[in-house]
Every structure is written in C-alpha cells, then in structure tokens.
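Data block below; observations after.
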Amino acid sequence: MTFVSRGFVGRPGADRDTGKLPPGQYDIGGGFPVLSAGPTPRTALEDWDLTVTGEVAEPVRWTWREFQALPREDVTADIHCVTKWSKFDTTWSGVSLDTLLDAVETAADYVIAVCDGGYTTNLPLEDVVDGGAWIVDLYDDEPLPAEHGGPARLLVPHLYFWKSAKWVRGLRLSSTDEPGFWETLGYHDYGDPWREQRYAGD
Amino acid sequence: MTTESRRLDGNAAGGRLADVFAFDATVVQTRCGACGTRAPLGQYHVYADAPGMVVRCPGCENVVLRMAQTPGHTWLDMGGAITLDITE
C-alpha cells in the first residue's frame, strides 16, 4: 500500500512565504499567549504614574490623566516572542517614546524600562526613538488587559517581545548598559528577531 | 486563563532543579531574602511558562530563584534567597 503524504504544511495561519516570519518563528494566528514571570500587578489608574528618571536634567512624571492628554499614535505591528511564536498585524494605540523623551534633556545612551512587579529590560536609546517604541494602553481598540500588561506596556516591535515590558511605570536613562530581568539570565542583550538573537552569545 | 491560575507550586520546580542539584530541592528549607519566610521550596510559587522558570516567595512574592536553560547552558540565580537548609 502506498501513502501519498502532503508533507508538513506548517501550523494554521502559517505565513512563511510573505517574508514576515523571522528565522525559527511560527505564526500563532489568532492566539495571544500570556507568559508570566510572576503575579499580575493591578495598579489602580488613580495610583498610576509614568516617570522618566536617571541621567536627565529634570525628571518628569505624568499621571494617568496627564498621559491620556498626550498626543496618541495608532500602531500596527508584527510581534515576535523569544519562545518562537509570532503574531502579525497587532493593533495598538499609545504615546510614542519620541513624545515622552522630548520632555527631558539627556546625554544617555540606554534606557531601562522599570515595571510594576519588579521586571526590568534594557534597550539602546537609539532603538526607542524615531518611531521605534511606544507606551501603549489600547489593544484592538480596547483598554489593554492586565494579563497583557495593562494599564500600559512598552511596545518595541522590532525586538523580541520580552523587551516590550508589561506594566511599565518608568523609563530610566543611563550612560551605561544595565542588563534587565532576562538579559541577566542568559538571554540576549539586544534581541533582534531577524538575527535570531535569543540567547547570550547569539 | 488568569496569571494566578497558571501559578504552580514549588514541586513543579523539582524536575528542572534535579538537573542541577544532587538533592531533592523541593524539601530544602529556603529562606526568602526579602521577608525572611522559611519554608520548603516545594511551598514556593513557580511561574514556568516564561522564557525561564521563576520561583517566588509564598509570603511576599520576592523572586528567590530563577533558572533558564539556553543551548549549552543552565543559568541559575539564587540571589533572592538567603539560605538553603539541606537536610541529610
């Protein structure tokens, strides 16, 4: 008896032919996994603020109401998790880091995102300016759910998604690179999905 | 699924820690570096679906242990625990 196999055709929603899928990733389609390193913080909006601190001439702080009054941008982006799923055409709304960082004077080269729950991640400053990053509070036109980082998370879609820190509350500017939560535990300092920079040394 | 429902008890860490320790880590009396809670590691909270495994104090949720396995490496951070009391 002869069987004719169609062969492996990929997972549902596979989008391998469009050039949108970085090496080693698969298209998760409509799913949106939640990966957690701890309990979900639930900060009330009246207690929420966002700060830019560190090596700045004057620190700045926005309350939730002040943050809502800042100029907003809609963002559609593909996101890539280091655990190998990618999700295409996700839609967000929030405030560009260009807008936030315009409020400070700094000579820093790096930014450390500081979050409720103690999570941190480090990024070169040049990666989060010129339209490279946002602090988003809407996903699919709805308030960002807490399990996905609400009330507000960092969005840096051109790097692996662990850089898009959930529950962000502060941006600390520094002249030195300070590896964050995963970057100090074997994960890559920069995390470019197109160069498959998953682990230290990649 | 909520984050809380994905939380595991510390016994879930036993398998991965068996790759590192010669003893059963789940029964080791572990003292939290933040609040001083002392309990068997099996009673700690484990979050295992992130890029690495994170073990947190059941009293204050301080991270007492993190472990990640990358190609050719096992990374272990126990900076959040003061002591491990390993009974013979």
Side-chain angles (χ1 to χ4, degrees), chain A residues 23-25 28 31-43 79-85 114-121 144-150 153 159-167 179-191 193 196-202, chain B residues 1-13 15-17 19-21 25 30 32-37 39 41-82:
Chain A
Q25 297 290 111
I28 201 159
F32 195 169
V34 175
L35 306 182
S36 292
T40 300
R42 299 188 186 274
T43 300
I79 57 176
H80 310 290
C81 179
V82 73
T83 62
K84 301 196 172 181
W85 57 265
V114 180
C115 306
D116 279 330
Y119 184 81
T120 58
T121 191
L144 182 62
E147 64 266 28
H148 284 303
R153 76 181 295 162
L159 299 177
Y160 279 125
F161 210 46
W162 90 75
K163 296 286 187 179
S164 293
K166 297 178 184 179
W167 312 303
F181 190 86
W182 293 121
E183 294 86 357
T184 54
L185 201 71
Y187 284 84
H188 199 277
D189 195 60
Y190 182 66
E196 208 167 358
Q197 293 173 333
R198 298 180 197 277
Y199 311 114
D202 282 349
Chain B
M1 186 182 283
T2 66
T3 304
E4 285 67 25
S5 67
R6 277 195 313 281
R7 188 183 78 202
L8 308 171
D9 73 42
N11 294 304
R16 289 197 216 179
L17 292 175
D19 293 341
V20 179
F21 296 119
T30 305
C32 172
C35 74
T37 289
L41 197 62
Q43 292 182 15
Y44 279 61
H45 296 164
V46 173
Y47 294 85
D49 59 6
M53 180 177 73
V54 178
V55 180
R56 290 175 177 268
C57 173
C60 73
E61 296 287 357
N62 174 53
V63 176
V64 295
L65 184 154
R66 303 185 295 156
M67 182 176 172
Q69 287 166 312
T70 67
H73 298 266
T74 295
W75 297 75
L76 183 64
D77 166 17
M78 303 185 64
I82 298 175

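Closest approach of B:Pro51 and A:Trp182 over heavy atoms only: CD-CZ2, 3.6 Å. Nearest approach of A:Ala200 to B:Trp75, heavy atoms of both residues: CB-CZ2, 4.3 Å. Pairing each heavy atom of A:Ser36 with each of B:Ala50, the nearest pair is O-CB, 3.7 Å. Listed here is the closest heavy atom pair of A:Leu185 and B:Ala68: O-CB, 3.4 Å.
Partners of A:Tyr190 by ring pair (Phe, Tyr, Trp, His ring centres under 6.0 Å), not counting sequence neighbours: none found. Contacts of A:Arg198 classified as salt bridge (Lys or Arg N to Asp or Glu O under 4.0 Å), with partners at least two apart in sequence or in another chain: A:Glu196. Residues satisfying the ring pair (Phe, Tyr, Trp, His ring centres under 6.0 Å) test with A:Phe181, not counting sequence neighbours, are A:Tyr119.
Across B:Asp49, B:Thr74, B:Val46, B:Leu76, the residue that shares the most heavy-atom pairs under 4.5 angstrom with chain A is B:Asp49.
Residues of residues 56-66 of chain B having a heavy atom under 4.5 Å from any heavy atom of chain A, listed by number: B:Arg56, B:Glu61, B:Val63, B:Arg66.
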